[in-house]
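Everything below concerns the one structure shown next.
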Number of protein chains: 2
Amino acid sequence: MTSRQLAALIGVSQSAVSRAFTPGSSISPAMRERILASARELGYQPNAIASMLSTNRTNIIGIVLSDMRNPFYPGLIERLTQGLQRVGRQSLLFNVTPGANIEEQLQAIRQYNVDGVIVVAATILSEKALSWAIEGRRSVLVNRLSLDRNITTVCVDNAAGVSAIADHFHALGRRKVGYVAGMTKTLIGRERRMAFVTRLAELGMTLVGSAAAGEYSYAGGHRAAQELLAEGSRPDAIFFANDILALGGMDALRDVAGLCVPDDVAIAGFDDIAMSAWPHYELTTFAQPVSDIVERSVELICNAPLGDGDARQEILSGRLIVRRSTVGAGGGPVDGDPRQSVKVA
Amino acid sequence: MTSRQLAALIGVSQSAVSRAFTPGSSISPAMRERILASARELGYQPNAIASMLSTNRTNIIGIVLSDMRNPFYPGLIERLTQGLQRVGRQSLLFNVTPGANIEEQLQAIRQYNVDGVIVVAATILSEKALSWAIEGRRSVLVNRLSLDRNITTVCVDNAAGVSAIADHFHALGRRKVGYVAGMTKTLIGRERRMAFVTRLAELGMTLVGSAAAGEYSYAGGHRAAQELLAEGSRPDAIFFANDILALGGMDALRDVAGLCVPDDVAIAGFDDIAMSAWPHYELTTFAQPVSDIVERSVELICNAPLGDGDARQEILSGRLIVRRSTVGAGGGPVDGDPRQSVKVA
DNA sequence: GTCCGTGTTGAATACGGATGCAAATCCCGT
DNA sequence: ACGGGATTTGCATCCGTATTCAACACGGAC
């Protein structure tokens, strides 16, 4: 059923039908109501494809992602798509895989004329491939930095987060700290590492060892934690670049190295994924403000101006979640509630 | 840049440009090569929207999902979208949330003219809302059953899976079995429960207790496991309707009830999510054949005939993964490799 | 009654590519 | 050189909606 057919059936023009479905268009309330009623009755719905062709707007936002196995992302994606649906947008998923030709995978972004692109692929994508793909359309990089100041980014305050962890270790009296990185090549990986090391120095603590997992995964953390110990360093606290690494690392430290957490070694992560709260882990971590991230991303992808030079870098504040992986049971500021949270500007 | 502009620039007709990009169309290799070369040079790409309008095909598959928090789904979605991309389709995500009006949320499926719909929302969606949404287009229900024999489904062999678990418990000498359901209202929930109970009876074992979590989540499993014990029953083996329930349940049994797994109680789940292999859990489970599910779903959503009465119900075979949550360390058929796997037809 | 402004309506056309059909070209045999 | 079939090309039209523009209706002011 097309708008023309419906129009013919009820004796109005096709324009009228189109206007009935277009908010703010020039049509009398009576006419609109009559048309909408008939449409409901006869099962007419505007064809979105034709509408896209006319208006050059698709109401589709491309979501580029690469790392669905890090449990932080599914939750983020879910809330992003819901946030977009809430404002009448749909989400077209682009799953970028490392092996194949990235540009070819992103070609569809351009062909499908998506209105905007939200990139949550922290890894993999080169800046070059990225800027080619999003050329000429709105874009938001989530949890990823860019050297290009013309690109809008939404990101937790990494420096504040890792500093909060360092401060927390310091407050606990730990002085010999280890660091486990994920991917050392990404900007965000470097930023976290750099900020952490800087803060350690300010506090007069030593970085007694570090390792790189190479990927953000449980297995990577498991491996890297052992490497860290094999170096000979015996840290009394280890900060993992994110939670999934920390969980793998914690299991390695306990099961393989036979250490006690947090007595022998305190452990902290970053992100606050669901599993970090599980009783076996109770991981102290720096929580990403997922709601804020989603809200700002949706807002920016829909309403940001498209001109040059007005890109924004939004830094959102997270929150330190203290759990037993650093303070143990009963030992420390934890009383009834096993979890304490500190907002960090 | 449009096909007409490109055509004008290189002195051919718009039709020629269109044909150059349409495989199998009537055009000489020389002409095609010339056009494609110029297109590459001048940066022309066909506008997919216009193409959709002409051909009435979008190459977009809608993916309806509701339960991104069960870790089984992110992996499935990821592989589904990749599988679809591999055959030139894109994935439009529809995240159905329980609260709001379902039909309204699914309206976009119809307006966007997706070529097909893959439903991986085991929960929530009523049959009625579903059949309205997918009316007239190809659809595949993944991991979800339907009473309507005209709907194509792709599903692991639930009966074989739960029977394998029951048999495994039996072989271990366990006789007092508990069952923790997820959502009891879903068809798949009922099927698993029924098949499990039936098999127990055949083996002469007793179902000493059962509980329903109400949702497929860690917290639900944690709660339901305690309810099961509070009933007064003391099972020596518990089967959880899926892995995430089992993980929550296992932690509850250990931490809250102080039981030893598997000595006091053996535990098994269903799905084989990544975390089930983690050393703290080592959960015996029935693994879903994710690759097969993806492969069959992609195949069916692309090539299945659209007529009536030729819907298929594909039942794929899974695999029992035996880990320490049932056989313990060293005690049982597990030797060097902590994991043993048994294919189940 | 006339005039003008405001608010509605319909006819016509644009959006960019696909395709049926007719015209043009090619290739080959004679 | 010519005819005939096969292949290639271009023209015209269509897909379904949005939007411009002109036409029209209505109401109030003079």
Handout entry: Donor/acceptor link under 3.5 angstrom from A/R19 side chain onto base of C/dG10
Key = yes
Problem - Rounded distance (Å) that lies between atom C1' of D/dT17 and atom OH of B/Y112 - result: 14 Å
Handout entry: Aromatic ring proximity, centroids under 6.0 angstrom, B/Y44 and B/F21
Key = yes
Exercise for the section: Could you check whether A/S51 gets within reach of a base, just the sugar-phosphate, or nothing at all, counting any heavy atom under 4.0 Å? Expected result: sugar-phosphate
Problem - Nearest-Å distance for atom pair CE/C1', residues A/M31 and D/dC24 - result: 13 Å
Exercise for the section: Name the nucleic acid region contacted by A/T2, choosing base, sugar-phosphate or nothing; use a 4.0 angstrom heavy-atom cut-off, strictly under. Expected result: sugar-phosphate
Practice task
Return the value, rounded to whole Å, for the distance between atom CD of B/Q5 and atom P of C/dG16.
Solution key: 8 Å
Handout entry: Spacing between B/R57 atom CZ and C/dG17 atom C1', to the nearest angstrom
Key = 15 Å
Problem - Value in whole Å for how far the C1' atom of C/dG10 lies from CD1 of A/I35 - result: 12 Å
Practice task
Could you tell me whether the phosphate oxygens of C/dG17, OP1 or OP2, come under 4.0 Å of any side-chain nitrogen or oxygen in B/S54?
Solution key: no
Practice task
Look at all strands and tell whether A/S18 reaches a base, only sugar-phosphate, or nothing, counting heavy atoms closer than 4.0 Å.
Solution key: base
Fill in the blank from the handout: Among the nucleotides C/dT8, D/dG10, C/dT9, whichever has the atom closest to the side chain of A/P29 is C/dT8
Fill in the blank from the handout: B/N143 and B/C155 have their tightest heavy-atom pair at CA-SG, 4.1 Å
Practice task
Mind checking A/I27 for me? I need base, sugar-phosphate or nothing, with any heavy atom below 4.0 Å counting as a touch.
Solution key: sugar-phosphate
Fill in the blank from the handout: Winner on side-chain proximity to B/T55, out of D/dT9, D/dT20, C/dA18, is C/dA18
Handout entry: Most 5' of A/A16 and B/N47 on DNA chain C, judged by nearest nucleotide
Key = A/A16
Exercise for the section: Taking only the side-chain heavy atoms of A/A50 (C-beta and beyond), determine which of D/dG16, D/dC11, D/dT13 contains the nearest atom. Expected result: D/dG16
Handout entry: Salt bridge flag under 4.0 Å for residues A/R40 and A/E33
Key = yes
Practice task
Kindly state whether the ring of B/Y112 and the ring of B/F94 have centres lying under 6.0 angstrom apart.
Solution key: no
Problem - Atom-pair distance (CE on A/M1; P on D/dC15), nearest Å - result: 15 Å
Fill in the blank from the handout: Per atom distances to the B/S15 side chain, the nearest of C/dG17, C/dG10, D/dG10 is D/dG10
Practice task
Measure the distance from CD1 on B/I10 to C1' on D/dG10 and round it to the nearest whole Å.
Solution key: 14 Å
Handout entry: Smallest separation among heavy atoms of A/Y73 and A/D67, with atom names
Key = CD1-O, 3.4 Å
Exercise for the section: Report the nucleotide, chosen from D/dT8, D/dT17, D/dC11, that has the shortest atom-to-atom distance to any side-chain atom of B/S28. Expected result: D/dT8
Problem - Short side-chain N/O contact to C/dG17 OP1/OP2 from B/S3, under 4.0 Å - result: yes
Handout entry: Distance-only donor-acceptor check, side chains A/R19 and A/S26, under 3.5 Å
Key = no
Practice task
May I ask you to say what A/M52 touches in the nucleic acid, namely base, sugar-phosphate or nothing, with a heavy-atom cut-off under 4.0 Å?
Solution key: nothing
Exercise for the section: Report the nucleotide, chosen from D/dT13, D/dT9, D/dG16, that has the shortest atom-to-atom distance to any side-chain atom of B/R4. Expected result: D/dT13
Handout entry: Whole-Å gap separating C1' (D/dG16) and CG (B/L53)
Key = 6 Å
Exercise for the section: Would you state whether a donor and an acceptor, one from the side chain of B/Q14 and one from the base of C/dA18, lie under 3.5 Å apart? Expected result: yes
